[in-house]
2 protein chains.
Amino acid sequence: SSTSKDNDESRDYDEATQKALEEIDACQNEIDALNEKASDEILQVEQKYNKQRKPYFEKRNAIIKKIPNFWVTAFVNHPQISMVLEEEEEDCLHYLTKLEVEEFDDIKSGYRINFHFDKNPYFENSIITKEFHLGTSGDPASQSTPIQWKEGNDLTKSSKEKMLDKGKKRQLEKRSFFTWFTNHADPSADDIAEVIKDDMWPNPLQYYLVPDIDMEENGVDGD
Amino acid sequence: SSTSKDNDESRDYDEATQKALEEIDACQNEIDALNEKASDEILQVEQKYNKQRKPYFEKRNAIIKKIPNFWVTAFVNHPQISMVLEEEEEDCLHYLTKLEVEEFDDIKSGYRINFHFDKNPYFENSIITKEFHLGTSGDPASQSTPIQWKEGNDLTKSSKEKMLDKGKKRQLEKRSFFTWFTNHADPSADDIAEVIKDDMWPNPLQYYLVPDIDMEENGVDGD
Ligand SMILES: [Ca+2]
Ligand SMILES: [Ca+2]
Ligand SMILES: [Mg+2]
Ligand SMILES: [Mg+2]
(Lines give C-alpha, C1' and ligand atoms only; values in the text may rest on other atoms or scores of the structure.)
(Ligands and ions follow the chains in the order given, each with its own letter.)
Protein backbone atom coordinates (compact mmCIF):
# COMPACT_ATOMS: atom_id res chain seq x y z
CA SER A 1 0.00 0.00 0.00
CA SER A 2 2.90 2.41 -0.55
CA THR A 3 2.16 5.20 -3.00
CA SER A 4 3.25 8.53 -4.41
CA LYS A 5 2.85 11.51 -2.12
CA ASP A 6 2.76 14.39 -4.59
CA ASN A 7 -0.67 15.67 -3.63
CA ASP A 8 -1.46 18.75 -1.63
CA GLU A 9 -2.68 17.04 1.53
CA SER A 10 -0.53 15.33 4.11
CA ARG A 11 -0.26 11.58 3.79
CA ASP A 12 1.15 11.13 7.27
CA TYR A 13 -1.91 9.29 8.51
CA ASP A 14 -2.63 9.06 12.20
CA GLU A 15 -1.96 5.70 13.79
CA ALA A 16 -5.58 4.49 13.76
CA THR A 17 -6.00 5.38 10.09
CA GLN A 18 -2.70 3.76 9.15
CA LYS A 19 -3.78 0.55 10.91
CA ALA A 20 -7.18 0.63 9.19
CA LEU A 21 -5.53 1.14 5.80
CA GLU A 22 -3.36 -1.89 6.40
CA GLU A 23 -6.42 -3.93 7.33
CA ILE A 24 -8.17 -2.81 4.15
CA ASP A 25 -5.10 -3.80 2.18
CA ALA A 26 -5.12 -7.27 3.77
CA CYS A 27 -8.82 -7.60 2.95
CA GLN A 28 -8.12 -6.50 -0.59
CA ASN A 29 -5.47 -9.19 -0.94
CA GLU A 30 -8.01 -11.84 0.06
CA ILE A 31 -10.46 -10.46 -2.51
CA ASP A 32 -7.75 -10.42 -5.18
CA ALA A 33 -6.88 -14.05 -4.44
CA LEU A 34 -10.56 -15.00 -4.82
CA ASN A 35 -10.76 -13.04 -8.09
CA GLU A 36 -7.82 -15.00 -9.42
CA LYS A 37 -9.34 -18.32 -8.36
CA ALA A 38 -12.62 -17.33 -10.03
CA SER A 39 -10.80 -16.42 -13.27
CA ASP A 40 -8.97 -19.74 -13.25
CA GLU A 41 -12.17 -21.71 -12.77
CA ILE A 42 -13.97 -19.78 -15.50
CA LEU A 43 -11.04 -20.44 -17.83
CA GLN A 44 -11.29 -24.16 -17.04
CA VAL A 45 -15.00 -24.14 -17.88
CA GLU A 46 -14.28 -22.35 -21.17
CA GLN A 47 -11.53 -24.83 -22.02
CA LYS A 48 -13.79 -27.78 -21.23
CA TYR A 49 -16.54 -26.51 -23.52
CA ASN A 50 -14.10 -25.50 -26.27
CA LYS A 51 -13.04 -29.13 -26.25
CA GLN A 52 -16.64 -30.36 -26.31
CA ARG A 53 -17.60 -27.96 -29.10
CA LYS A 54 -14.61 -28.86 -31.28
CA PRO A 55 -15.98 -32.09 -32.86
CA TYR A 56 -19.21 -30.26 -33.78
CA PHE A 57 -17.25 -27.48 -35.45
CA GLU A 58 -15.25 -30.09 -37.35
CA LYS A 59 -18.38 -31.95 -38.38
CA ARG A 60 -19.93 -28.64 -39.43
CA ASN A 61 -16.90 -27.86 -41.60
CA ALA A 62 -17.12 -31.28 -43.24
CA ILE A 63 -20.77 -30.67 -44.15
CA ILE A 64 -20.10 -27.11 -45.30
CA LYS A 65 -17.63 -28.48 -47.88
CA LYS A 66 -20.57 -30.13 -49.66
CA ILE A 67 -22.21 -26.75 -50.29
CA PRO A 68 -20.69 -24.83 -53.20
CA ASN A 69 -19.63 -21.28 -52.30
CA PHE A 70 -20.82 -21.55 -48.70
CA TRP A 71 -18.18 -19.26 -47.21
CA VAL A 72 -18.09 -16.65 -49.95
CA THR A 73 -21.89 -16.42 -49.73
CA ALA A 74 -21.81 -16.06 -45.95
CA PHE A 75 -19.05 -13.41 -46.21
CA VAL A 76 -20.92 -11.44 -48.90
CA ASN A 77 -24.08 -11.55 -46.81
CA HIS A 78 -22.33 -10.39 -43.63
CA PRO A 79 -22.92 -6.66 -43.13
CA GLN A 80 -19.39 -5.88 -41.87
CA ILE A 81 -17.28 -8.41 -43.76
CA SER A 82 -18.97 -7.52 -47.06
CA MET A 83 -17.83 -3.94 -46.53
CA VAL A 84 -14.19 -4.93 -47.08
CA LEU A 85 -14.76 -7.30 -50.01
CA GLU A 86 -13.68 -5.99 -53.37
CA GLU A 87 -15.09 -7.56 -56.53
CA GLU A 88 -11.90 -9.47 -57.39
CA GLU A 89 -11.49 -10.61 -53.79
CA GLU A 90 -15.00 -11.98 -53.85
CA ASP A 91 -14.03 -13.97 -56.95
CA CYS A 92 -10.96 -15.23 -55.08
CA LEU A 93 -13.06 -16.26 -52.05
CA HIS A 94 -15.01 -18.67 -54.26
CA TYR A 95 -11.95 -20.89 -53.71
CA LEU A 96 -12.26 -20.67 -49.89
CA THR A 97 -13.31 -24.18 -48.86
CA LYS A 98 -12.84 -24.11 -45.13
CA LEU A 99 -12.68 -21.56 -42.33
CA GLU A 100 -11.39 -22.39 -38.88
CA VAL A 101 -11.12 -20.29 -35.74
CA GLU A 102 -8.83 -21.84 -33.12
CA GLU A 103 -8.48 -20.34 -29.67
CA PHE A 104 -5.16 -21.11 -28.03
CA ASP A 105 -5.42 -23.65 -25.21
CA ASP A 106 -5.10 -21.01 -22.52
CA ILE A 107 -7.71 -18.89 -24.41
CA LYS A 108 -6.46 -15.61 -22.93
CA SER A 109 -3.29 -15.56 -25.01
CA GLY A 110 -4.83 -15.49 -28.48
CA TYR A 111 -6.40 -17.22 -31.45
CA ARG A 112 -5.88 -17.87 -35.11
CA ILE A 113 -8.12 -17.81 -38.14
CA ASN A 114 -7.26 -20.36 -40.82
CA PHE A 115 -8.49 -19.93 -44.39
CA HIS A 116 -8.21 -23.08 -46.52
CA PHE A 117 -8.22 -22.56 -50.28
CA ASP A 118 -8.62 -24.81 -53.29
CA LYS A 119 -6.02 -24.51 -56.04
CA ASN A 120 -6.75 -21.07 -57.46
CA PRO A 121 -5.46 -18.50 -59.97
CA TYR A 122 -4.46 -15.99 -57.25
CA PHE A 123 -1.88 -17.54 -54.92
CA GLU A 124 0.07 -20.71 -54.22
CA ASN A 125 -0.84 -21.15 -50.53
CA SER A 126 -3.44 -23.73 -49.61
CA ILE A 127 -3.85 -22.39 -46.05
CA ILE A 128 -3.40 -18.78 -45.00
CA THR A 129 -3.60 -17.84 -41.31
CA LYS A 130 -4.04 -14.61 -39.41
CA GLU A 131 -3.03 -15.04 -35.77
CA PHE A 132 -3.45 -12.87 -32.70
CA HIS A 133 -1.43 -13.28 -29.55
CA LEU A 134 -0.73 -11.19 -26.48
CA GLY A 135 2.75 -9.73 -26.61
CA THR A 136 5.02 -9.58 -23.55
CA SER A 137 3.62 -6.10 -22.84
CA GLY A 138 0.12 -7.57 -22.62
CA ASP A 139 -0.98 -5.84 -25.82
CA PRO A 140 -2.19 -7.98 -28.69
CA ALA A 141 0.00 -8.45 -31.73
CA SER A 142 -0.95 -10.07 -35.01
CA GLN A 143 0.85 -11.82 -37.82
CA SER A 144 -0.26 -13.56 -40.98
CA THR A 145 1.00 -16.03 -43.55
CA PRO A 146 2.94 -14.34 -46.35
CA ILE A 147 0.80 -14.84 -49.45
CA GLN A 148 2.60 -16.24 -52.47
CA TRP A 149 0.73 -14.31 -55.15
CA LYS A 150 0.79 -15.65 -58.66
CA GLU A 151 2.28 -13.44 -61.39
CA GLY A 152 0.03 -10.44 -62.06
CA ASN A 153 -2.63 -11.56 -59.59
CA ASP A 154 -1.55 -9.86 -56.34
CA LEU A 155 -4.90 -8.57 -55.10
CA THR A 156 -3.32 -6.21 -52.57
CA LYS A 157 -1.38 -4.54 -55.38
CA SER A 158 -4.26 -4.21 -57.76
CA SER A 159 -6.48 -2.83 -55.00
CA LYS A 160 -3.79 -0.31 -54.04
CA GLU A 161 -3.44 0.82 -57.64
CA LYS A 162 -7.18 1.20 -57.99
CA MET A 163 -7.29 3.24 -54.85
CA LEU A 164 -4.56 5.58 -56.08
CA ASP A 165 -6.64 6.19 -59.21
CA LYS A 166 -9.56 7.24 -57.08
CA GLY A 167 -7.64 9.90 -55.18
CA LYS A 168 -6.38 10.30 -51.68
CA LYS A 169 -9.60 10.52 -49.70
CA ARG A 170 -10.91 7.30 -51.16
CA GLN A 171 -7.55 5.65 -50.48
CA LEU A 172 -7.77 6.43 -46.77
CA GLU A 173 -11.32 5.17 -46.39
CA LYS A 174 -11.18 2.04 -48.52
CA ARG A 175 -10.33 -1.25 -46.96
CA SER A 176 -10.14 -4.61 -48.63
CA PHE A 177 -10.06 -8.20 -47.47
CA PHE A 178 -6.40 -8.81 -48.26
CA THR A 179 -5.22 -5.46 -46.92
CA TRP A 180 -7.06 -6.44 -43.73
CA PHE A 181 -5.36 -9.84 -43.79
CA THR A 182 -1.87 -8.36 -44.21
CA ASN A 183 -2.33 -5.34 -41.92
CA HIS A 184 -0.94 -5.60 -38.37
CA ALA A 185 -0.90 -1.91 -37.48
CA ASP A 186 -3.62 -1.97 -34.79
CA PRO A 187 -4.41 -5.56 -33.75
CA SER A 188 -6.32 -4.48 -30.64
CA ALA A 189 -8.87 -2.80 -32.92
CA ASP A 190 -9.14 -5.48 -35.61
CA ASP A 191 -12.90 -5.40 -36.03
CA ILE A 192 -12.93 -7.81 -39.00
CA ALA A 193 -11.01 -10.48 -37.08
CA GLU A 194 -13.37 -10.04 -34.13
CA VAL A 195 -16.43 -10.30 -36.32
CA ILE A 196 -15.09 -13.50 -37.90
CA LYS A 197 -14.26 -14.97 -34.50
CA ASP A 198 -17.27 -13.86 -32.46
CA ASP A 199 -20.04 -13.59 -35.03
CA MET A 200 -19.33 -15.51 -38.25
CA TRP A 201 -17.64 -18.56 -36.74
CA PRO A 202 -20.24 -19.21 -33.99
CA ASN A 203 -23.05 -19.34 -36.56
CA PRO A 204 -22.21 -18.96 -40.27
CA LEU A 205 -25.47 -20.60 -41.38
CA GLN A 206 -27.49 -17.50 -40.58
CA TYR A 207 -25.30 -15.48 -42.96
CA TYR A 208 -25.36 -18.10 -45.68
CA LEU A 209 -29.17 -18.11 -45.53
CA VAL A 210 -30.01 -14.47 -44.94
CA PRO A 211 -28.65 -12.02 -47.46
CA ASP A 212 -27.65 -8.54 -46.40
CA ILE A 213 -30.76 -6.47 -47.12
CA ASP A 214 -28.57 -3.51 -48.04
CA MET A 215 -26.66 -5.52 -50.63
CA GLU A 216 -28.02 -3.75 -53.72
CA GLU A 217 -27.86 -0.33 -52.11
CA ASN A 218 -24.25 -0.86 -51.07
CA GLY A 219 -23.44 -1.38 -54.71
CA VAL A 220 -21.74 -4.72 -54.14
CA ASP A 221 -23.64 -6.26 -57.00
CA GLY A 222 -24.39 -3.09 -58.90
CA ASP A 223 -21.34 -3.04 -61.12
CA SER B 1 -33.61 -22.85 -40.63
CA SER B 2 -36.51 -21.16 -42.43
CA THR B 3 -35.80 -17.62 -43.53
CA SER B 4 -36.89 -14.72 -45.69
CA LYS B 5 -36.54 -15.19 -49.42
CA ASP B 6 -36.51 -11.60 -50.65
CA ASN B 7 -33.08 -11.72 -52.27
CA ASP B 8 -32.29 -11.84 -55.93
CA GLU B 9 -31.00 -15.41 -56.10
CA SER B 10 -33.09 -18.53 -55.97
CA ARG B 11 -33.32 -20.14 -52.57
CA ASP B 12 -34.76 -23.34 -53.98
CA TYR B 13 -31.70 -25.34 -53.03
CA ASP B 14 -31.00 -28.65 -54.73
CA GLU B 15 -31.71 -31.71 -52.68
CA ALA B 16 -28.11 -32.36 -51.60
CA THR B 17 -27.64 -28.75 -50.48
CA GLN B 18 -30.96 -28.75 -48.65
CA LYS B 19 -29.91 -31.90 -46.77
CA ALA B 20 -26.49 -30.42 -45.95
CA LEU B 21 -28.11 -27.22 -44.65
CA GLU B 22 -30.32 -29.27 -42.36
CA GLU B 23 -27.27 -31.15 -41.08
CA ILE B 24 -25.49 -27.88 -40.41
CA ASP B 25 -28.56 -26.66 -38.56
CA ALA B 26 -28.58 -29.81 -36.40
CA CYS B 27 -24.87 -29.32 -35.67
CA GLN B 28 -25.52 -25.70 -34.81
CA ASN B 29 -28.20 -26.75 -32.32
CA GLU B 30 -25.68 -29.01 -30.56
CA ILE B 31 -23.21 -26.12 -30.41
CA ASP B 32 -25.90 -23.78 -29.08
CA ALA B 33 -26.79 -26.27 -26.36
CA LEU B 34 -23.12 -26.49 -25.33
CA ASN B 35 -22.88 -22.68 -25.33
CA GLU B 36 -25.82 -22.52 -22.97
CA LYS B 37 -24.35 -25.17 -20.67
CA ALA B 38 -21.04 -23.25 -20.64
CA SER B 39 -22.83 -19.99 -19.76
CA ASP B 40 -24.70 -21.71 -16.94
CA GLU B 41 -21.52 -23.17 -15.48
CA ILE B 42 -19.68 -19.87 -15.70
CA LEU B 43 -22.61 -18.20 -13.95
CA GLN B 44 -22.39 -20.78 -11.17
CA VAL B 45 -18.69 -20.10 -10.73
CA GLU B 46 -19.38 -16.36 -10.56
CA GLN B 47 -22.14 -16.89 -8.01
CA LYS B 48 -19.92 -19.11 -5.89
CA TYR B 49 -17.16 -16.51 -5.77
CA ASN B 50 -19.57 -13.62 -5.24
CA LYS B 51 -20.66 -15.50 -2.14
CA GLN B 52 -17.09 -16.10 -1.03
CA ARG B 53 -16.08 -12.48 -1.64
CA LYS B 54 -19.07 -11.06 0.24
CA PRO B 55 -17.73 -11.39 3.81
CA TYR B 56 -14.49 -9.67 2.75
CA PHE B 57 -16.43 -6.79 1.22
CA GLU B 58 -18.45 -6.50 4.43
CA LYS B 59 -15.33 -6.59 6.56
CA ARG B 60 -13.75 -4.00 4.30
CA ASN B 61 -16.76 -1.72 4.69
CA ALA B 62 -16.57 -2.07 8.47
CA ILE B 63 -12.91 -1.00 8.44
CA ILE B 64 -13.55 1.83 5.97
CA LYS B 65 -16.02 3.35 8.44
CA LYS B 66 -13.10 4.00 10.80
CA ILE B 67 -11.42 6.27 8.23
CA PRO B 68 -12.89 9.77 8.04
CA ASN B 69 -13.92 10.83 4.53
CA PHE B 70 -12.74 7.59 2.95
CA TRP B 71 -15.36 7.50 0.20
CA VAL B 72 -15.40 11.19 -0.67
CA THR B 73 -11.60 11.09 -0.93
CA ALA B 74 -11.71 8.02 -3.18
CA PHE B 75 -14.41 9.64 -5.35
CA VAL B 76 -12.51 12.93 -5.65
CA ASN B 77 -9.35 11.05 -6.60
CA HIS B 78 -11.10 8.94 -9.23
CA PRO B 79 -10.46 10.40 -12.71
CA GLN B 80 -13.98 9.75 -14.04
CA ILE B 81 -16.12 10.10 -10.91
CA SER B 82 -14.41 13.37 -9.97
CA MET B 83 -15.50 14.75 -13.34
CA VAL B 84 -19.15 14.75 -12.23
CA LEU B 85 -18.59 16.06 -8.69
CA GLU B 86 -19.66 19.63 -8.12
CA GLU B 87 -18.25 21.54 -5.16
CA GLU B 88 -21.46 21.32 -3.10
CA GLU B 89 -21.89 17.65 -3.95
CA GLU B 90 -18.40 16.96 -2.72
CA ASP B 91 -19.41 18.62 0.57
CA CYS B 92 -22.49 16.39 0.67
CA LEU B 93 -20.43 13.25 0.03
CA HIS B 94 -18.50 13.89 3.23
CA TYR B 95 -21.59 12.31 4.86
CA LEU B 96 -21.29 9.15 2.72
CA THR B 97 -20.29 6.45 5.22
CA LYS B 98 -20.78 3.30 3.24
CA LEU B 99 -20.92 2.20 -0.39
CA GLU B 100 -22.24 -1.18 -1.45
CA VAL B 101 -22.48 -2.80 -4.87
CA GLU B 102 -24.80 -5.80 -4.91
CA GLU B 103 -25.14 -8.00 -7.96
CA PHE B 104 -28.47 -9.77 -8.18
CA ASP B 105 -28.24 -13.48 -7.44
CA ASP B 106 -28.53 -14.45 -11.09
CA ILE B 107 -25.90 -11.74 -11.92
CA LYS B 108 -27.11 -11.33 -15.51
CA SER B 109 -30.27 -9.50 -14.52
CA GLY B 110 -28.72 -6.52 -12.80
CA TYR B 111 -27.16 -4.86 -9.77
CA ARG B 112 -27.69 -2.06 -7.33
CA ILE B 113 -25.43 0.56 -5.79
CA ASN B 114 -26.33 1.56 -2.23
CA PHE B 115 -25.07 4.83 -0.78
CA HIS B 116 -25.40 5.04 3.02
CA PHE B 117 -25.37 8.56 4.49
CA ASP B 118 -24.99 9.97 7.97
CA LYS B 119 -27.56 12.52 9.10
CA ASN B 120 -26.77 15.50 6.87
CA PRO B 121 -28.01 18.98 5.91
CA TYR B 122 -28.99 17.94 2.36
CA PHE B 123 -31.60 15.17 2.49
CA GLU B 124 -33.62 12.97 4.84
CA ASN B 125 -32.74 9.56 3.34
CA SER B 126 -30.17 7.41 5.11
CA ILE B 127 -29.74 5.06 2.14
CA ILE B 128 -30.16 5.99 -1.50
CA THR B 129 -29.94 3.32 -4.20
CA LYS B 130 -29.46 3.33 -7.94
CA GLU B 131 -30.49 0.02 -9.45
CA PHE B 132 -30.06 -1.53 -12.89
CA HIS B 133 -32.09 -4.43 -14.17
CA LEU B 134 -32.77 -5.97 -17.55
CA GLY B 135 -36.24 -5.08 -18.78
CA THR B 136 -38.49 -7.60 -20.51
CA SER B 137 -37.05 -6.42 -23.83
CA GLY B 138 -33.57 -7.42 -22.66
CA ASP B 139 -32.46 -3.79 -22.49
CA PRO B 140 -31.26 -2.43 -19.16
CA ALA B 141 -33.45 -0.05 -17.22
CA SER B 142 -32.50 1.92 -14.13
CA GLN B 143 -34.32 3.43 -11.20
CA SER B 144 -33.23 5.25 -8.07
CA THR B 145 -34.52 6.20 -4.65
CA PRO B 146 -36.42 9.49 -4.69
CA ILE B 147 -34.27 11.86 -2.65
CA GLN B 148 -36.08 13.78 0.08
CA TRP B 149 -34.18 17.05 -0.19
CA LYS B 150 -34.24 19.40 2.75
CA GLU B 151 -35.71 22.88 2.19
CA GLY B 152 -33.39 24.96 0.00
CA ASN B 153 -30.74 22.23 -0.28
CA ASP B 154 -31.82 20.34 -3.40
CA LEU B 155 -28.46 19.89 -5.11
CA THR B 156 -30.01 18.92 -8.44
CA LYS B 157 -31.92 22.21 -8.49
CA SER B 158 -29.00 24.40 -7.55
CA SER B 159 -26.78 22.68 -10.09
CA LYS B 160 -29.42 23.16 -12.81
CA GLU B 161 -29.70 26.84 -11.96
CA LYS B 162 -25.95 27.26 -12.05
CA MET B 163 -25.82 25.58 -15.42
CA LEU B 164 -28.45 27.89 -16.85
CA ASP B 165 -26.33 30.82 -15.77
CA LYS B 166 -23.39 29.47 -17.68
CA GLY B 167 -25.19 29.25 -21.00
CA LYS B 168 -26.37 26.47 -23.21
CA LYS B 169 -23.13 24.85 -24.32
CA ARG B 170 -21.93 24.46 -20.78
CA GLN B 171 -25.34 23.13 -19.79
CA LEU B 172 -25.12 20.30 -22.32
CA GLU B 173 -21.62 19.25 -21.30
CA LYS B 174 -21.92 19.57 -17.53
CA ARG B 175 -22.90 16.57 -15.49
CA SER B 176 -23.18 16.30 -11.76
CA PHE B 177 -23.33 13.47 -9.27
CA PHE B 178 -26.99 13.86 -8.38
CA THR B 179 -28.12 14.45 -11.95
CA TRP B 180 -26.31 11.18 -12.72
CA PHE B 181 -28.07 9.52 -9.77
CA THR B 182 -31.53 10.66 -10.88
CA ASN B 183 -31.02 10.24 -14.64
CA HIS B 184 -32.45 7.09 -16.26
CA ALA B 185 -32.42 8.22 -19.88
CA ASP B 186 -29.73 5.85 -21.18
CA PRO B 187 -28.99 3.12 -18.62
CA SER B 188 -27.08 0.98 -21.14
CA ALA B 189 -24.50 3.78 -21.37
CA ASP B 190 -24.26 4.71 -17.69
CA ASP B 191 -20.50 5.06 -17.51
CA ILE B 192 -20.49 6.38 -13.92
CA ALA B 193 -22.44 3.37 -12.63
CA GLU B 194 -20.10 1.04 -14.49
CA VAL B 195 -17.03 2.75 -13.12
CA ILE B 196 -18.41 2.50 -9.57
CA LYS B 197 -19.26 -1.18 -10.05
CA ASP B 198 -16.26 -2.39 -12.02
CA ASP B 199 -13.46 -0.07 -10.92
CA MET B 200 -14.19 1.73 -7.62
CA TRP B 201 -15.92 -1.13 -5.79
CA PRO B 202 -13.35 -3.84 -6.62
CA ASN B 203 -10.52 -1.72 -5.17
CA PRO B 204 -11.34 1.66 -3.59
CA LEU B 205 -8.10 1.74 -1.58
CA GLN B 206 -6.04 2.63 -4.64
CA TYR B 207 -8.21 5.73 -5.17
CA TYR B 208 -8.16 6.73 -1.52
CA LEU B 209 -4.37 6.56 -1.58
CA VAL B 210 -3.49 7.87 -5.02
CA PRO B 211 -4.81 11.30 -5.89
CA ASP B 212 -5.80 12.10 -9.44
CA ILE B 213 -2.69 13.79 -10.85
CA ASP B 214 -4.88 16.04 -13.01
CA MET B 215 -6.82 17.27 -9.99
CA GLU B 216 -5.48 20.83 -10.01
CA GLU B 217 -5.58 21.11 -13.79
CA ASN B 218 -9.18 19.94 -13.87
CA GLY B 219 -10.05 22.85 -11.65
CA VAL B 220 -11.76 20.72 -9.03
CA ASP B 221 -9.82 22.42 -6.29
CA GLY B 222 -9.02 25.60 -8.14
CA ASP B 223 -12.06 27.59 -7.12
CA1 LIG C 1 -23.41 -5.57 -48.18
CA1 LIG D 1 -10.05 15.23 -11.24
MG1 LIG E 1 -20.49 -9.17 -56.26
MG1 LIG F 1 -12.92 20.38 -4.08
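We name chains A, B, ... by the order of the sequence lines, and we start the count at 1 in each one. As a basis for the values below, the full set of heavy atoms in this structure was taken, side chains included, without hydrogen atoms, waters or symmetry mates.
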Count the heavy atoms belonging to other residues, nucleotides or ligands that lie under 6.0 Å from [atom1] of [X], then report whether that count exceeds 12.
X: B:K37; atom1: NZ; answer: no
X: B:D186; atom1: CG; answer: yes
X: B:K54; atom1: NZ; answer: no

Starting at [atom1] of [X], measure out to [atom2] of [Y] and round the result to the nearest 0.5 Å.
X: B:C27; Y: A:N61; atom1: SG; atom2: CG; value: 9.5 Å
X: A:Q44; Y: B:E41; atom1: CD; atom2: CD; value: 11.0 Å
X: B:D25; Y: A:I63; atom1: CG; atom2: CD1; value: 10.0 Å
X: B:R53; Y: A:D32; atom1: CZ; atom2: CG; value: 10.0 Å
X: B:L209; Y: A:L21; atom1: CG; atom2: CG; value: 6.0 Å
X: A:E23; Y: B:K59; atom1: CD; atom2: NZ; value: 7.0 Å

Applying ring-ring contact (aromatic ring centres under 6.0 Å, His included) to B:Y95 and not counting sequence neighbours gives none

Honestly, the part of A:A20 sitting under 4.5 Å from a heavy atom of chain B is both

Scored by heavy-atom pairs under 4.5 Å with chain A, the best of B:E30, B:K66, B:Q52, B:K19 is B:E30

Counting heavy-atom pairs under 4.5 angstrom with chain A, the leader among B:D14, B:I64, B:I31 is B:I31

Looking only at heavy atoms, the pair that brings B:Y49 and A:L34 closest together is CD2-O, 3.7 Å

When every non-hydrogen atom of A:V45 is compared with those of B:A38, the smallest separation belongs to CG1-O, 4.0 Å

**Asked** Would a 4.5 Å heavy-atom cut-off, applied to side chains only, mark B:I24 and A:F70 as touching?
**Response** yes

Heavy-atom side-chain proximity of B:Y56 to A:Q28 below 4.5 angstrom | no

Within residues 191-201 of chain A, the residues sitting under 4.5 Å from chain B by heavy atom, in sequence order, are none

